Chemist: 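A single structure is presented below for examination.
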Amino acid sequence: MPELPEVEIFVRELAPDLAGRTVTAARVFWPRTVAAPTDEEFSARLAGLRFDRFDRRGKYMLLGLSDGSTLIVHLRMTGKLRVLPGDAQPDKHTHVVLDLDDGRSVHYTDPRKFGRIWLVDDPAQVVDKLGPEPLGEAFSPADLAARLAGRSAAIKALLLDQRIVAGVGNIYADESLFRAGIHPARPGSSLTSAEVERLHEAVRAVLAKGIEQRGSTLGDSVLQNYLPPSGRPGRAQEGHQVFRRTGMPCPVCGTPIARIVVAQRSTHFCPVCQGGEWAIGSGE
DNA sequence: ATAAGGCCCTGACCGC
DNA sequence: TGCGGTCAGGGCCTTA
């Protein structure tokens, strides 16, 4: 699933291909993919606009256009954006195609149809609820502690809440909690300040390494959930310590990695390294 | 206000 | 081989 590192690589790879290109036509095959405005208005407004800015907020791609509006793309589970030759045929999973003035086309494909695209005047209309960028200065141990205060939900669930911190998904949540040595089911408010500091460091380190390794490509055929526009798979999955490693030895202590469900998400952790002795109300 | 559960979707996988 | 059932999963919506 594309999370912050994967989306970052997407934007970086798309930028040189799209910069200065003008959209000549927009074709929508699955209207629900376009969250706003209506698909007719989407196509009508997009024609004639030129890409000139490229940014990311959390897991959202922000593609700026020449009239000041922004094309926002969220890939969710299985969305992909590729720049293809103009004669490339849309396949059964292609939901939106943007034709460009250089004869090529941007294809949005998404087998799960969970991804969404917006065309808005102000990106805040879509991303204003997001918490701080984890790699930015606004994200500090104090900020994280404040957002966790009084929260009884599992820390794993809170890490997945985009209002706490933007861009962390299932993979990097598990990896961050492992790096910080924190059990994923711990109530958010039960973390000590030392643990919050470790978690803050872990989130940043894990995401930064994910970007460095160009994201995690956990392929399974059509559902290959992440392949950047260049088609070069990422390598971050090779560094995963716990994610989808159920039963395999913990890289630190050798204990088999366990899998539980937290917040309806599969969750992987080391029962020993991640606080085997924790219990609600036990202190320490 | 927070927490928990359902929903959207469909390929993959399992059992028969 | 084919069919039915189940699962995964981010974000949004509803319910308590």
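Naming convention: chains lettered A, B, ... in sequence-line order (proteins, then strands); numbering from 1 in each chain. The figures here come from the full heavy-atom set of this structure, side chains too, leaving out hydrogens, waters and symmetry mates. Note that the structure is a prediction, hence the values are computed from the model and not measured.
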Chemist: Which nucleotide sits closest to the side chain of A:Leu158: B:dA3, C:dG10, B:dG5?
Modeler: B:dA3
Chemist: Quick one: does A:Asp101's side chain have a donor or acceptor within less than 3.5 Å of a partner on A:Thr24's backbone?
Modeler: no
Chemist: On the nucleotide C:dG9, are OP1 or OP2 found under 4.0 Å from the side-chain N or O atoms that A:Ser266 carries?
Modeler: yes
Chemist: In whole angstrom, give the distance that lies between atom CD1 of A:Ile155 and atom P of B:dT2.
Modeler: 15 Å
Chemist: Can you check whether A:Arg32 has a side-chain N or O nearer than 4.0 Å to OP1 or OP2 of B:dC9?
Modeler: yes
Chemist: Rounded to whole Å, please give me the gap between CZ in A:Arg57 and P in C:dG11.
Modeler: 12 Å
Chemist: For C:dG9, does OP1 or OP2 lie under 4.0 Å from any side-chain N or O of A:Gln264?
Modeler: no
Chemist: Please test A:Val97 against A:Phe29 for side chain to side chain contact (heavy atoms under 4.5 Å, CB included), starting from the C-alpha separation and ending with a verdict.
Modeler: CA-CA 8 Å; A:Val97 173; A:Phe29 303 106; 3.6 Å; yes
Chemist: A:Thr70 versus A:Arg53: any side-chain heavy-atom pair under 4.5 Å?
Modeler: yes
Chemist: What is the distance, to the nearest angstrom, from the CG atom on A:Leu159 to the C1' atom on C:dG11?
Modeler: 16 Å
Chemist: Do any N or O atoms from the side chain of A:His200 and from the backbone of A:Phe139 form a donor-acceptor pair under 3.5 angstrom?
Modeler: yes
Chemist: Expressed as a whole number of angstroms, how long is the span from A:Lys113:NZ to B:dC7:C1'?
Modeler: 16 Å
Chemist: Using heavy atoms to find the nearest nucleotide of DNA chain B for A:Arg265 and A:Ala153 separately, return the residue whose nucleotide is more 5′.
Modeler: A:Ala153
Chemist: Whole angstroms only, please: what is the CG-C1' distance between A:Asp161 and B:dA4?
Modeler: 13 Å
Chemist: Might you list the N or O atoms of the protein lying below 3.5 Å from N or O atoms in nucleotides 13-16 of chain C, with each pair's distance?
Modeler:
none

Chemist: If you look at every strand shown and take non-hydrogen atoms under 4.0 Å, does A:Arg147 touch a base, only sugar-phosphate, or nothing?
Modeler: nothing
Chemist: Has A:Arg244 got a side-chain N or O lying under 4.0 Å from the OP1 or OP2 atom of C:dG9?
Modeler: yes
Chemist: If I take atom CG in residue A:Leu148 and atom P in nucleotide B:dT2, what distance separates them, rounded to the nearest angstrom?
Modeler: 12 Å
Chemist: Measuring to OP1 and OP2 of C:dG11, would you say a side-chain N or O of A:His74 lies under 4.0 angstrom away?
Modeler: yes
Chemist: Is there side-chain contact between A:Lys80 and A:His93, with at least one heavy-atom pair below 4.5 Å?
Modeler: no
Chemist: Under 4.5 Å between any side-chain heavy atoms of A:Asn170 and A:Phe243, yes or no?
Modeler: yes
Chemist: Indicate yes or no for a side-chain donor-acceptor contact from A:Arg56 to the backbone of A:Gly58 under 3.5 Å, with no hydrogens or angles considered.
Modeler: yes
Chemist: Measure from the side-chain heavy atoms of A:Tyr60 and tell me the nearest of C:dG11, B:dA3, B:dC8.
Modeler: C:dG11
Chemist: Looking at B:dA3, I'd like to know if its phosphate oxygens (OP1 or OP2) sit under 4.0 Å from a side-chain N or O belonging to A:Ser152.
Modeler: yes
Chemist: Base, sugar-phosphate alone, or nothing: which one does A:Arg151 contact when heavy atoms must sit under 4.0 Å apart?
Modeler: sugar-phosphate
Chemist: With sugar-phosphate meaning primed atoms plus P, OP1 and OP2, does A:Asp110 contact a base, only sugar-phosphate, or nothing at under 4.0 Å between heavy atoms?
Modeler: nothing
Chemist: I'd like to check the side-chain contact (heavy atoms from CB on, under 4.5 Å) partners of A:Asp55; sequence neighbours left out, ordered by chain and number.
Modeler: A:Leu62
Chemist: Indicate whether A:Phe114 forms a stack on C:dG11; treat it as stacked only if centroid distance is below 5.5 angstrom and interplanar angle below 30 degrees.
Modeler: no
Chemist: Of A:Lys156, A:Arg259, A:His183, which meets side chain to side chain donor-acceptor pair (under 3.5 Å) against A:Thr267?
Modeler: A:Lys156
Chemist: Between C1' on B:dA3 and CD1 on A:Ile164, what's the gap in Å once rounded to a whole number?
Modeler: 12 Å
Chemist: Could you tell me whether A:Lys92 contacts a base, only the sugar-phosphate backbone, or nothing, with contacts defined as non-hydrogen atoms closer than 4.0 Å?
Modeler: sugar-phosphate
Chemist: Would you say A:Lys59 places a side-chain N or O within less than 4.0 Å of OP1 or OP2 belonging to C:dG10?
Modeler: no
Chemist: Tell me whether the OP1 or OP2 atom of C:dG9 has a side-chain N or O from A:Arg112 closer than 4.0 Å.
Modeler: no
Chemist: How long is the line joining CZ of A:Arg163 and P of B:dT2, in whole Å?
Modeler: 7 Å
